[in-house]
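All values derive from a computational prediction rather than experimental measurement. Each chain gets a letter, A, B and so on, in the order the sequences are listed, and its residues count up from 1.
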Amino acid sequence: MNFKEVEQKWQNYWHEKKTFEAINGSEKPPYYILVEFPYPSGAGLHVGHVRSYTAQDALARMKRMQGYNVLFPMGWDAFGAPAEQYAIKNHIHPKEAVKENIKTFKGQMESLGFSFDWSREFSTTDPEYYKWTQWQFLQFYKHGMAYKATVPVNWCPNCKSVLSNEDAAGGVCERCGSFVEQKEKSQWMLKMASYAEDLLDGLKDTNFAEKVKLGQINWIGKSKGVELDVDIVGGGSFSVFTTCIETIYGITFFVIAPDGKLIQELMPRVENKDEVMEYIEKTKRKSAMDRTDLNKEKSGCEIKGIKAIHPITKQEVPIFLGDFVLGDYGTGAVMAVPSHDERDFEYAKAHNLEMIQVIDGRSTEEKAFEKQDYLGVGCKLINSEEFTGLTVEEAKKAITKKLVDMGVAREVNNYKMRDWIFSRQRFWGEPIPMIYCDDCGWVPMNEEDLPLLLPDVTEYEPTEDGESPLSKITDWVNTTCPKCGKKARRETDTMPNWAGSSWYFLRFMDPHNTKEFASMDAMKYWGKVDWYNGGMEHTARHLLYARFWVQFLYNIGLVPNKEMIWTRVSHGMILGSNNEKMSKSKGNVVNPDDVVKEFGADTLRLYEMFIGDYEQDAPWNTDSLRGCKRFVDKVIRLKDKVKEGDSYSPKLESIIHKTIKKVENDTLHLGFNTAISSLMILTNAMEDESSITKEDYHVLLTLLNPYAPHITEELNESIGYSPICESSWPVYDDEKTIDQEVTIGVQVNGKLRGEITISKEEEKDSILEKAFNNEKVKNFIGEKEIVKTIVIPNKIVNIVIK
RNA sequence: GCUCUUGUGGCGGAAUUGGUAGACGCGUUGGACUCAAAAUCCAAUGGUAGUGAUAUCGUGUGGGUUCGAGUCCCACCAAGAGCACCA
């Protein structure tokens, strides 16, 4: 059989019959399966893409046969740095490169027979799409959720370019290797931090995998604690945030951040201004160095002339500057308790500061400070006046209450998650639709003027001072103020790559809508995304951004649900045959096109599903791939055994019902490898028969169809059945999946000693009798005393002897 | 350092969630078919001892709970991923 022709034939059939087009408002129950739309890189489709697409394709095909109106769309996340880099290098407009790449990707996807609804295809770079990304940005702005702020960015002085954190890893520019500096830049921000609690809370309304939820929780990074006011000798005060208020009697100094506002406010009263200023400058340079290595020792200096007053003991306490305290977290100042905090301990050691132990048990001084010991039961407070003797948990409550009553503290939550820096000084992104007018300030564009098209340029490099190349196109930049009509300038920054992917799943529900980003009716009809599949690398940030975006749209009444994604799963990577991540430099890359050419699409699909646990990484193995090819050939050969008959062979009936149940359940629960294994078992069972009925063969082909759609359609047609893609999924009879007779083990003292065969409804006594009559079991029991017998129906018998 | 994930044959991996460990596939060995090869088919295949029935050990390590542990609990070891001074 020529698989190339077969594949082509059925791909054409599906295309012509529009087999996979989802219909909005259909009476069938809706089911939305989403795979992350890819970035169409020049490298083409990766075998890793094939893994997740095949998995969700199998689910989609099965669900369709089960009578669902399945939405399984595909599109392109095509803005972003790689296309721009390519453009800079080759002087081709990214638009052109993207167009080419999409063509390649789409061709590859079609050759694999994925049942995407291509009528809903779009790219984030289509003006019809990014018009709505821009429109949604304006909604953020109009609801006070977007603002401009001056924030430090990674700046490469050599490349004269703003770098993302990824490109500046280790404090070194990825391209040229020079040290990255921090540069202040005015950027658009989205107020994501204010959604921290909602984003945590919303997880309740999702069915994300546990590790995905954890990723979200860790990224948000919530800490419960107390914000404490501290008076300064001679007037004034500042606040600190702590999660360990019970250690308040152990404070021996305070530390404030060199990059925060507080030190600037205190500056007029500082006696050693030179020293302090120098340290602040040093931090600015150093913070770019990523603060990772070299930085173990705690640097800083005392702020002379300013002393804090301990809120309870009223003693004078010195204040220090230290870069281990971050200016943009909490209050930018901490209370230092060196006996019970590792960082404070190191700082105290480096600067010869006093330590007071306030919790019995191990302190940092005795080395091996461990949170567990510290929080463990039996740890009691010492040196803490009336709180001495309380446990840590008790003291936390009591001291908080005292301070709150005194009016100098309040319970607060802090989050690691910051606001979203939303500007990029790049060309290949959605232009931010804002206009700056000298009189009116920042003014949003009129919504009816959208989309703001990305103009064509000849130079894609950022400018000398790190501005987007758009800033060089003066006739694009210069415009008039939508408010007062005077001369004004456009924003030249573009949106980050994350923007377009934060709402694409909504657009798929209603992709051709010219009046709205998606109609409420369409979104209500489809409801939440039932399955969202993507890589582990996107489970933290992309998912968080998308959820934030949706929650905002929900709050302003534009989407029907606060969470629009129900289940999120992540697939494991396909590694090279040497067990390392596939990469060109390692020469272990497998190109799916080659495999399709040599083995066929169905074999590749089967292999990638059979390769192992879907959520786990797995190495490529060509021998195993051949095994799957053998399986396909076996199924083809089975056709020679087919005889007339429109019911299951009696001998095969039970295993067929079992297999239907197994394939159905496993396909629904990511057990693709075991689903295929059970199909192999069924195939082997059929092979053992001298003949099988048409119906036997048909059911095998139907069950295998979601995984190997081309060959199964062809074989099914050859025995005179109508196409599987237009048929329904077989139904199993639970009664028939239960064996009448079952062989169970007999243990003596928990060790397997024999086997007995019992019938489905056999009584305990009869089972035990069989067990005791088993020769091997008899030998082991001998004359010994029987203490106890355990009979678990259909599972096992255990006889305990002494 | 912290968080998470994973440790089962020569390899990828199963195990109905506490009940016959190693399903299925790969590989290997022997055999059949063939002039030969490929393809296909049959048989064997966790270790050790034994001709053998069989015995014994065995799911990273050490303990524990249980009639019974790959699965639950405690401690540890190793690999991978992510976060990285978040008070």
Is it true that atom CD of E580(A) has more than 12 heavy atoms of other residues, nucleotides or ligands lying nearer than 6.0 Å?
yes
Between rU54(B) (P) and F780(A) (CZ): distance, integer Å:
11 Å
Per the side-chain contact (heavy atoms from CB on, under 4.5 Å) rule, which among L606(A), V663(A), T683(A), V632(A) passes with L704(A)?
L606(A)
For K760(A), look at atom NZ and say whether over 12 heavy atoms of other residues, nucleotides or ligands are found less than 6.0 Å away.
yes
Pairwise C1' distance, rG68(B) and rG82(B) [rounded to whole Å]
39 Å
Pick the P atom in rA37(B) and in rU17(B), then give their distance to the nearest Å.
50 Å
Taking side chain as C-beta onward, heavy atoms only, is P592(A) less than 4.5 Å from L604(A)?
yes
Which letters describe nucleotides 9-28 of chain B, given B = protein heavy atom under 4.0 Å from base, S = only from sugar-phosphate, - = neither?
---BSS----BB--BBSSS-
rG7(B) to rU61(B) separation - C1' atoms, rounded to the nearest Å:
11 Å
Residue whose nearest RNA chain B nucleotide is more 5′ - L214(A) or Y415(A)
L214(A)
Are a donor atom and an acceptor atom from the side chains of T283(A) and D323(A) found within less than 3.5 Å of each other?
no
Return no unless some side-chain N or O of K751(A) is found under 4.0 Å from OP1 or OP2 of rG68(B).
no
Write down the distance between CG (L575(A)) and P (rU5(B)), rounded to a whole number of angstrom.
19 Å
Please identify which of these residues, F320(A), F238(A), Y347(A), meets the ring-ring contact (aromatic ring centres under 6.0 Å, His included) condition with F254(A).
F238(A)
Regarding rU17(B), purine or pyrimidine glycosidic angle vs 90° from 0 gives syn
Rounded distance in Å - CZ (F324(A)) to C1' (rG1(B))
16 Å
When rounded to the nearest Å, what value does the distance between P atoms of rG25(B) and rC42(B) take?
11 Å
Out of curiosity, D344(A) CG to K298(A) NZ, how far, rounded to the nearest 0.5 Å?
9.0 Å
Answer syn or anti for rG9(B), where the cut-off is 90° from 0 on the glycosidic torsion.
syn
Separation of K211(A) atom NZ from rG82(B) atom C1', in whole Å?
12 Å
rC83(B) P sits how many Å from M417(A) CE, rounded?
16 Å
Do the side chain of Q357(A) and the main chain of I359(A) share a donor and acceptor less than 3.5 angstrom apart?
yes
Considering only the P atoms, how many Å lie between rG64(B) and rC26(B), rounded to the nearest integer?
42 Å
Can you check the distance between rG18(B) and rG13(B), where both ends of the measurement are the P atom (answer in whole Å)?
24 Å
Below the 4.0 Å mark, does rU54(B) have OP1 or OP2 next to a side-chain nitrogen or oxygen of R753(A)?
no
Whole-Å distance, M573(A) CE to rU5(B) P, equals 17 Å
When you compare rA87(B) with rA14(B), how far apart are their P atoms, in angstrom units rounded to a whole number?
38 Å
Remember a base hit wins even if backbone is also touched, and classify E687(A) as base, sugar-phosphate or nothing at under 4.0 Å, heavy atoms.
sugar-phosphate
Atom NZ of K211(A) with >12 non-hydrogen neighbours under 6.0 angstrom
yes
Using a strict cut-off of less than 4.0 Å between a Lys/Arg side-chain nitrogen and an Asp/Glu carboxylate oxygen, indicate whether E197(A) and K222(A) qualify as a salt bridge.
yes
Under 3.5 Å for both distances, Watson-Crick or G-U wobble, that's the pair rule; now give the dot-bracket for RNA chain B, with | marking pairs to another strand and [ ] for crossing ones.
(((((((..(((......[....)))((((((.......))))))((((....))))..(((((..]....))))))))))))....
H538(A) has an atom NE2; how far is it from atom C1' of rA81(B), in whole Å?
15 Å
Between rC4(B) (P) and Q216(A) (CD): distance, integer Å
16 Å
Closer than 4.0 angstrom, basic N to acidic O: yes or no for R630(A) and D633(A)?
no
Same-atom distance (C1') from rU16(B) to rA23(B), integer angstrom:
12 Å
I'd like to know if K416(A) reaches the base of rC83(B) with its side chain such that a donor and an acceptor end up less than 3.5 angstrom apart.
no
